[in-house]
*Asks:* 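Encoded as structure tokens, here's the structure I'll be asking about.
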Amino acid sequence: MNPKNIFYSVVATAMLSGFVMIKKIGEFDMTTDIGNPKIVGSSSFDKNTKTYTLKGSGYNIWFERDEFQFLYKELEGDFTMTADFEFVGTGKDPHRKVGWMIRESLYDNASHVSAVVHGDGLTVMQWRVAKGDKMRDPEDEIFSKEKDVQTVQLQRKGKDYTMWAAKKGEALKIVGTHQMDNLPDKIIAGIFICSHNPEVLEEARVKNLRIVKN
């Protein structure tokens, strides 16, 4: 497909699938619930405080399909995405998730790589090798030695994807690097939240967000 047509293909797919599209939110162009969660999510941006607020449900981001709220844009080439993530409230499930995601499409079983912070502080880089594949434990993840981090960074250089993380006030430390040969040059990237419980809507705030082309 001509790269110029990929964006329009994504839009058409979203419309046919019932995805919600809105005007630009901060750095991002669109928001949607991936995988049709039971409770509808939302994303917003406060221009005064430069804060993103994500609200989302979803059973999980795992196995052969995902459910979550996604705020995203198209990117191509090499880039680095950095932000501070913070859950709102104590939460219902320790496995609720927030972080960065790079995804090949809006389909719920799409290949992706994610930099994830869990509600219990677990910090991990995880991926789905190919569309429709089941994500495996521990083959499809790299665990951080640090827990309860604040800043998360996800970087792409060619086919290599690298995650960094840091606690508040500390320097970023590398979590790991993974090669994703199947992801196209032009991808969908952004921030997400998943409640890990289809009956619950979780909330998170994202600050100091930067997306830099390398």
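Just the heavy atoms: all of them, side chains too, but no hydrogens, waters or symmetry mates, feed the values below.
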*Asks:* Should the ring pair H118 and H95 be called parallel, tilted or perpendicular, given that the plane angle runs from 0 to 90° and is split at 30 and 60?
*Replies:*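 Ring orientation, 0 to 90° scale: perpendicular.
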*Asks:* Check for me, please, whether L183 and I211 land in the same ILVMFWY cluster - side-chain distances under 4.5 Å, paths through other members count.
*Replies:*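 L183 clusters together with I211.
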*Asks:* Could you tell me whether a side-chain N or O of N182 sits under 3.5 Å from a main-chain N or O of V129, the two making a donor and an acceptor?
*Replies:*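 Between the backbone of V129 and the side chain of N182 there is a qualifying donor-acceptor contact (under 3.5 Å).
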*Asks:* If you count the non-hydrogen atoms of other residues, nucleotides and ligands that lie under 6.0 Å from CZ in F143, is the total more than 12?
*Replies:*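 Result for CZ/F143: enclosed.
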*Asks:* Give the minimum heavy-atom separation between T80 and Q155, together with the two atoms involved.
*Replies:*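 Scanning both residues completely, I find the closest heavy atoms to be OG1-NE2, 3.1 Å.
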*Asks:* Start with the C-alpha distance between H112 and I61, add both sets of side-chain angles, then the distance that settles side chain to side chain contact (heavy atoms under 4.5 Å, CB included), and finish with yes or no.
*Replies:* CA-CA 10 Å; H112 70 81; I61 299 173; 3.8 Å; yes
*Asks:* Just so I know, are the side chains of Q126 and V116 near enough to count as touching, which here means a heavy-atom distance under 4.5 Å?
*Replies:*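 Yes, at least one pair of side-chain atoms sits under 4.5 Å.
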*Asks:* Assess whether side chain to side chain contact (heavy atoms under 4.5 Å, CB included) is satisfied between Y59 and N197, documenting all intermediate values.
*Replies:* CA-CA 5 Å; Y59 94 100; N197 184 328; over 6 Å; no
*Asks:* Same hydrophobic cluster for Y161 and L172, using side-chain heavy-atom links shorter than 4.5 Å among ILVMFWY?
*Replies:*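 In one cluster with Y161: L172, no.
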*Asks:* If you count heavy atoms of other groups shown closer than 6.0 angstrom to NZ of K92, is the number above 12?
*Replies:*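 It does not: K92 NZ has 12 such atoms or fewer within range.
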*Asks:* Below 4.5 Å, heavy atoms only, C-beta onward: do F28 and I191 meet side chain to side chain?
*Replies:*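 Side chain of F28 against side chain of I191, heavy atoms only: contact under 4.5 Å found.
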*Asks:* Salt bridge or not for K38 and D33, using N-O below 4.0 Å?
*Replies:*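 Answer for the salt bridge query: no.
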*Asks:* Output yes when E27 and K73 qualify as a salt bridge under the 4.0 Å nitrogen-oxygen rule, no when they do not.
*Replies:*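 Here E27 pairs with K73 in a salt bridge, since their nearest N and O are under 4.0 Å apart.
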*Asks:* Would you call D133 and R128 a salt bridge, taking side-chain N to carboxylate O under 4.0 Å as the test?
*Replies:*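 Salt bridge: no.
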*Asks:* Quick check: is L154 connected to W164 through a chain of hydrophobic side chains (ILVMFWY, heavy atoms under 4.5 Å apart)?
*Replies:*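 No; L154 is not reachable from W164 via cluster members.
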*Asks:* Find out whether E203 and T53 are in side-chain contact, i.e. whether some heavy atom of one side chain is under 4.5 Å from a heavy atom of the other.
*Replies:*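 Side-chain contact under 4.5 Å: yes.
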*Asks:* Does the R65 side chain pair with the main chain of F63, one donor and one acceptor, at a distance under 3.5 Å?
*Replies:*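 No: the side chain of R65 does not pair with the backbone of F63.
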*Asks:* With no hydrogens and no angle check, just 3.5 Å: does a side-chain donor-acceptor pair link S43 and Q69?
*Replies:*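 Checked: S43/Q69 side chains pair up, N/O donor to acceptor below 3.5 Å.
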*Asks:* Do S111 and M180 pass the side chain to side chain contact (heavy atoms under 4.5 Å, CB included) test, and can you show the C-alpha distance, the side-chain angles, and the key distance before you say yes or no?
*Replies:* CA-CA 9 Å; S111 176; M180 295 286 286; 3.4 Å; yes
*Asks:* So how far is it from R96 CZ to D120 CG, rounded to the nearest 0.5 Å?
*Replies:*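 Answer rounded to 0.5 Å: 9.5 Å.
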*Asks:* Is there a path from I39 to F87 through hydrophobic residues (I, L, V, M, F, W, Y) whose side chains come within less than 4.5 Å of each other?
*Replies:*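 Different clusters: I39 never reaches F87 through Ile, Leu, Val, Met, Phe, Trp or Tyr contacts under 4.5 Å.
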*Asks:* Please check if the side chain of D66 supplies one atom and the backbone of I34 the other of a donor-acceptor pair under 3.5 Å.
*Replies:*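 No; zero donor-acceptor contacts below 3.5 Å.
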*Asks:* With a 4.5 Å limit on heavy-atom distance, are the side chains of Q153 and M81 in contact?
*Replies:*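 Answer no - side chains too far apart.
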*Asks:* Between D29 and K24, which heavy-atom pair has the shortest distance, and what is it?
*Replies:*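 Closest approach of D29 to K24, heavy atoms only: OD1-NZ, 3.3 Å.
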*Asks:* Which heavy atom of S57 sits nearest a heavy atom of V200, and at what distance?
*Replies:*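 Nearest heavy atoms, S57 then V200: OG-O, 3.0 Å.
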*Asks:* For Y52, run the ring-ring contact (aromatic ring centres under 6.0 Å, His included) check against F85, Y72, F45, F192 and tell me which one passes.
*Replies:*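 For Y52, the ring-ring contact (aromatic ring centres under 6.0 Å, His included) test succeeds with only one of F85, Y72, F45, F192, which is F45.
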*Asks:* Closest heavy-atom contact between A204 and I193?
*Replies:*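 What the structure gives for the nearest pair is N-CD1, 3.6 Å.
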*Asks:* Can you check side chain to side chain contact (heavy atoms under 4.5 Å, CB included) on L54 and L71, steps first, answer last?
*Replies:* CA-CA 8 Å; L54 304 180; L71 179 59; 4.2 Å; yes
*Asks:* On a heavy-atom basis, which atom in L122 and which in K147 lie closest, and how many Å separate them?
*Replies:*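 That closest heavy-atom pairing would be N-CE, 3.8 Å.
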*Asks:* Apply salt bridge (Lys or Arg N to Asp or Glu O under 4.0 Å) to D185 and R156, showing your working.
*Replies:* CA-CA 10 Å; D185 182 59; R156 179 167 88 165; 3.7 Å; yes
*Asks:* Indicate yes or no for a side-chain donor-acceptor contact from R103 to the backbone of D108 under 3.5 Å, with no hydrogens or angles considered.
*Replies:*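 Here the side-chain-to-backbone pair exists.
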*Asks:* How close do D93 and E202 get, counting heavy atoms only, and between which atoms?
*Replies:*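 Closest pair (atom of D93, atom of E202, distance): N-OE2, 4.1 Å.
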*Asks:* Just by modelled atom types, is the V152 backbone N or O under 3.5 Å from a matching donor or acceptor in the W100 side chain?
*Replies:*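 It does hold such a pair.
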*Asks:* Under a 3.5 Å threshold, yes or no: a donor from one side chain and an acceptor from the other, between S144 and T123?
*Replies:*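 No, no side-chain donor-acceptor contact under 3.5 Å.
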*Asks:* Can you pull out every side chain to side chain donor-acceptor pair (under 3.5 Å) where at least one residue sits in residues 165-174? Sequence neighbours excluded, please.
*Replies:*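 Qualifying pairs: E146-K173.
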*Asks:* Determine, using the 4.5 Å side-chain heavy-atom cutoff (strictly less than), whether F70 and W62 are members of one ILVMFWY cluster.
*Replies:*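 No, F70 does not connect to W62 through the hydrophobic network.
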*Asks:* Should D84 and R205 count as an ion pair when the cut-off is N to O under 4.0 Å?
*Replies:*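 Looking at R205 together with D84, the answer is no, because their closest N to O distance does not fall below 4.0 Å.
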*Asks:* Is the NZ or CZ atom of K97 positioned over F68's six-membered ring, under 6.0 angstrom from the centre and within 45° of the axis?
*Replies:*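 The answer is no; the distance or angle limit is not met.
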